[in-house]
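Take a look at the structure set out below.
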There are 2 protein chains.
Amino acid sequence: QMLKGVLSYAHYLLNETVNTGELAIDATCGNGNDTLFLCKLVGEQGKVIAFDVQEQAIHNTKKRLAEEKRDNVILIQDSHVNVENYIQPGETISGAIFNLGYLPKSDKSIITKGESTVTAIQKILNYLKEGGLIVIVVYHGHPGGTEEKNTVIEELSELEQRDVSVLRYDFINQKNNPPFLIAIQKNKR
Amino acid sequence: QMLKGVLSYAHYLLNETVNTGELAIDATCGNGNDTLFLCKLVGEQGKVIAFDVQEQAIHNTKKRLAEEKRDNVILIQDSHVNVENYIQPGETISGAIFNLGYLPKSDKSIITKGESTVTAIQKILNYLKEGGLIVIVVYHGHPGGTEEKNTVIEELSELEQRDVSVLRYDFINQKNNPPFLIAIQKNKR
């Protein structure tokens with residue numbers, strides 16, 4: 001009954017969009033929380049492709065998935081800008097999530113950057129089903145965070161409104177730069 | 001399944017919050033659409049107090065309510081800054097809605113203003129139940145709209161996060177300054 005928090009709203013939207021048997025993308029798998037969440041949404045017949053540039057993240061996610069006995073994930077230690085190298089011809093993505101910022105409890109100098117984030121989003125949009133969704137949780141309190149936030153907002157504001165709806169979901173009276181959400185949904189024709 | 005539009009999301013949130021038998025406020029009744037919506041939410045045992053400074057708006061709303069045979073509305077031709085003059089001692093508000101801007105098909109020079117909007121919001125907050133909600137649909141394409149928008153965002157960003165959550169729900173890739181939503185929910189203790 002209360003307004004959903006940013007993380008809870010991100011999961012709520014994905015849950016409304018991603019169905020059993022579909023393909024979902026975790027663009028920044030980090031400690032594997034969202035990878036596991038997507039895994040449950042697509043089920044045994046579906047597939048998740050999870051990216052991270054850091055070995056530690058891939059390791060943590062692999063461990064997390066093993067604990068939960070999930071084997072429908074392809075884990076890729078590469079930048080999400082190369083996402084199209086890992087999509088099969090004819091495949092369609094139903095949902096994707098980005099967590100912008102740095103890997104929690106890790107090297108804070110290794111951060112996502114605005115331009116590569118936007119490039120990856122544009123590539124995923126090419127494969128997104130109608131009604132499909134990309135959610136971006138924008139952490140921006142760290143050094144470099146403001147620049148990335150501004151780039152992402154500017155670039156995503158330019159996306160054609162015929163093609164996609166870009167929603168900003170943001171609690172504006174909170175201290176300490178909490179994350180906000182951007183949700184991009186591909187319009188139905 | 002698609003992302004809800006701003007008006008639809010405003011009604012969705014009020015529907016989640018306002019129950020039968022409660023008191024709701026339409027701070028800007030205009031042509032009566034939201035007054036009627038709130039009427040249905042509170043039902044015969046509830047009450048709606050609807051404000052507008054313009055005679056035309058009161059007239060239109062009265063007509064609309066008569067057509068729908070609704071008689072649980074107190075229509076008040078006065079500024080919503082005087083809201084507390086019309087609340088009985090001990091009464092609690094469960095939900096309120098503001099539509100900022102001018103009355104459609106009417107004199108565009110008669111507009112809501114940032115400072116009085118914020119004053120009225122603060123007064124309503126004093127009477128709001130825990131978990132209660134104020135939704136503000138911010139139209140800002142008209143002359144004076146940008147100033148009001150900026151004042152409202154600045155002032156509401158300063159509300160104490162212990163007391164309330166202030167959410168901005170805004171489609172950022174749309175042309176022609178479409179309205180966005182601010183939703184203020186009183187936290188539970």
Side-chain angles (χ1 to χ4, degrees), chain A residues 1-6 8-10 12-19 94-95 118 121 125 129-136 138 149-150 152-178 180-189, chain B residues 1-6 8-10 12-19 94-95 118 121 125 129-136 138 149-150 152-178 180-189:
Chain A
Q1 196 171 331
M2 301 295 287
L3 291 173
K4 286 183 174 66
V6 163
S8 158
Y9 193 64
Y12 164 80
L13 290 177
L14 287 169
N15 187 45
E16 293 277 300
T17 311
V18 177
N19 303 309
S94 65
V118 170
I121 288 168
L125 277 173
K129 72 173 180 183
E130 287 187 12
L133 193 78
I134 304 174
V135 300
I136 305 138
V138 186
K149 176 183 97 164
N150 292 339
V152 166
I153 289 174
E154 267 172 47
E155 296 284 333
L156 298 183
S157 299
E158 297 296 320
L159 291 177
E160 268 294 337
Q161 73 181 89
R162 267 175 317 181
D163 300 332
V164 294
S165 303
V166 183
L167 172 69
R168 179 171 178 171
Y169 184 94
D170 190 357
F171 287 93
I172 62 175
N173 72 325
Q174 298 183 349
K175 311 287 180 211
N176 302 321
N177 305 304
F180 64 90
L181 183 73
I182 295 179
I184 307 175
Q185 190 156 41
K186 194 163 188 169
N187 295 333
K188 292 181 176 164
R189 297 268 165 190
Chain B
Q1 195 172 333
M2 301 295 288
L3 291 172
K4 286 183 174 65
V6 163
S8 157
Y9 192 64
Y12 164 80
L13 290 177
L14 287 169
N15 187 46
E16 293 277 301
T17 310
V18 177
N19 302 309
S94 66
V118 170
I121 288 168
L125 277 173
K129 73 173 180 183
E130 286 187 13
L133 194 78
I134 304 174
V135 301
I136 305 137
V138 186
K149 176 182 96 164
N150 293 339
V152 167
I153 289 174
E154 267 171 46
E155 296 284 333
L156 299 183
S157 300
E158 297 297 322
L159 292 178
E160 268 293 338
Q161 73 180 89
R162 266 176 319 182
D163 302 331
V164 294
S165 303
V166 183
L167 172 69
R168 178 173 177 168
Y169 184 94
D170 190 356
F171 287 92
I172 62 175
N173 72 324
Q174 298 182 348
K175 311 288 179 209
N176 303 321
N177 304 304
F180 64 90
L181 184 74
I182 295 178
I184 306 174
Q185 190 156 39
K186 195 162 189 171
N187 295 333
K188 291 180 179 167
R189 297 267 164 189

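To find a chain, count down the sequence lines: A is the first, B the second, and so on, and within it residues start at 1.
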Inset, instruction - Starting at CE of Met2(A), measure out to CG of Leu13(B) and round the result to the nearest 0.5 Å. - result: 11.5 Å
Inset, instruction - Measure the spacing between OG1 of Thr17(B) and CG of Leu3(A) and express it to the nearest 0.5 Å. - result: 7.5 Å
Legend entry - side chain to side chain contact (heavy atoms under 4.5 Å, CB included) between Arg168(B) and Arg168(A), intermediate numbers included: CA-CA 7 Å; Arg168(B) 178 173 177 168; Arg168(A) 179 171 178 171; 5.6 Å; no
Inset, instruction - Measure distances from Val164(B) to the heavy atoms of chain A and classify the residue's part below 4.5 Å as side chain, backbone, both or neither. - result: both
Legend entry - Non-hydrogen atoms of Lys175(B) and Gln161(A) that approach each other most closely: N-OE1, 2.7 Å
Inset, instruction - Give, for atom CD of Glu158(A) and atom CD1 of Ile172(B), the distance between the pair rounded to the nearest 0.5 Å. - result: 10.0 Å
Inset, instruction - Please flag which part of Lys186(A) lies under 4.5 Å from any non-hydrogen atom of chain B: side chain, backbone, both or neither. - result: backbone
Legend entry - Sole residue of Leu167(B), Asp163(B), Val166(B), Leu156(B) in side-chain contact (heavy atoms from CB on, under 4.5 Å) with Asn173(A): Val166(B)
